[in-house]
Amino acid sequence: MSAPNAQAQTEQTPAGQKTPGIPSTSNAILALWGKAADHLTADELAWFSNLTVPAQMEAENLSQNLENMACIVNSNVFSESFYCAAGLSVLLFSLSHQLDVINGLLKVSAEAGERLELQASDQAEGAGEFND
């Protein structure tokens, strides 16, 4: 089983609409974000900007799992998963998927924060115009 090309691509559908590319959690998150971002309230943007919290939890979980696996490998108490190419590929695809999710969460969180700052800046400028 080979891994699909991991680069994000835009593909044309029969109706001429663009799809978010290769199916992945990150691409799905970013595609939905792209459709919804312009329609969100400040409170909703603030919620999305806090996606760094679950991303940090995912990264910490991934780090702990990798450390545990390294300890198992280091102790020479291998399971069949480490000897079998199919088992190892499943493990590596799973780790890649976790990083993909973290990436999507961080991208949305960063863009939501930027939009929130822009909204606040626009509101401050608008309030300044009325005070002049």
Side-chain angles (χ1 to χ4, degrees):
M1 176 164 138
S2 64
N5 182 354
Q7 291 180 342
Q9 299 174 357
T10 302
E11 301 168 1
Q12 293 289 335
T13 64
Q17 296 176 323
K18 292 184 178 182
T19 64
I22 295 172
S24 73
T25 303
S26 181
N27 282 343
I29 290 169
L30 295 172
L32 291 172
W33 170 255
K35 297 276 187 186
D38 290 336
H39 309 286
L40 299 175
T41 66
D43 287 342
E44 291 167 331
L45 286 172
W47 184 87
F48 278 99
S49 73
N50 286 320
L51 286 175
T52 54
V53 174
Q56 288 170 335
M57 291 184 339
E58 285 290 331
E60 184 177 336
N61 183 33
L62 179 59
S63 174
Q64 289 172 350
N65 287 335
L66 288 171
E67 184 175 351
N68 290 339
M69 286 186 282
C71 288
I72 290 170
V73 170
N74 192 45
S75 71
N76 290 325
V77 182
F78 291 117
S79 72
E80 287 297 315
S81 295
F82 292 110
Y83 288 117
C84 169
L88 185 57
S89 69
V90 168
L91 173 63
L92 292 174
F93 283 130
S94 175
L95 295 173
S96 174
H97 175 74
Q98 283 184 285
L99 289 169
D100 184 56
V101 169
I102 293 167
N103 179 49
L105 293 173
L106 290 173
K107 283 182 177 180
V108 168
S109 180
E111 188 171 324
E114 290 170 8
R115 286 175 177 264
L116 203 54
E117 287 176 16
L118 185 60
Q119 278 186 0
S121 174
D122 288 347
Q123 287 176 353
E125 286 178 14
E129 290 175 8
F130 292 115
N131 292 332
D132 291 339

What is the minimum heavy-atom distance between Ser49 and Ala112, and which atoms define it?
N-CB, 3.5 Å
Answer yes if Leu118 and Phe48 sit in the same cluster of Ile, Leu, Val, Met, Phe, Trp and Tyr residues linked by side chain heavy atoms under 4.5 Å apart, and no otherwise.
no
Passes side chain to side chain contact (heavy atoms under 4.5 Å, CB included), Met69 versus Leu91? Steps please.
CA-CA 10 Å; Met69 286 186 282; Leu91 173 63; 3.5 Å; yes
Using side-chain heavy atoms (C-beta onward) and a distance below 4.5 Å, is Leu45 in contact with Thr41?
no
Residues Glu111, Arg115: salt bridge by 4.0 Å N-O rule
yes
Taking a hydrophobic cluster as the set of Ile, Leu, Val, Met, Phe, Trp and Tyr residues connected by side-chain heavy atoms closer than 4.5 Å, whether directly or through intermediates, do Trp47 and Val108 fall within one such cluster?
yes
Heavy-atom closest contact (Glu44 atom, His39 atom, distance)
OE1-O, 4.2 Å
Value for CD (Gln119) from CG (Leu40), rounded to nearest 0.5 Å, stands at 9.0 Å
Heavy-atom pair of closest approach, residues Leu116 and Ala46:
CD2-CA, 3.7 Å
Close side-chain approach of Ser121 to Glu117, heavy-atom, < 4.5 Å:
no
Heavy-atom check, side chain of Leu51 versus side chain of Leu106, under 4.5 Å:
no
So, for Gly104 and Ile29, which heavy atoms are closest and what is the spacing to 0.1 Å?
O-CG2, 4.0 Å
Beyond-backbone contact of Leu95 with Leu66, side-chain heavy atoms, under 4.5 angstrom
yes
About how many Å separate CD of Gln56 and CD1 of Ile102, when rounded to the nearest 0.5 Å?
10.5 Å
Can you tell me how far apart CH2 (Trp33) and CG (Asp38) are? Round to the nearest 0.5 Å.
9.0 Å
Taking side-chain contact (heavy atoms from CB on, under 4.5 Å) as the criterion, tell me which of Asp100, Leu30, Asn103 meets it with Ser24.
Asp100
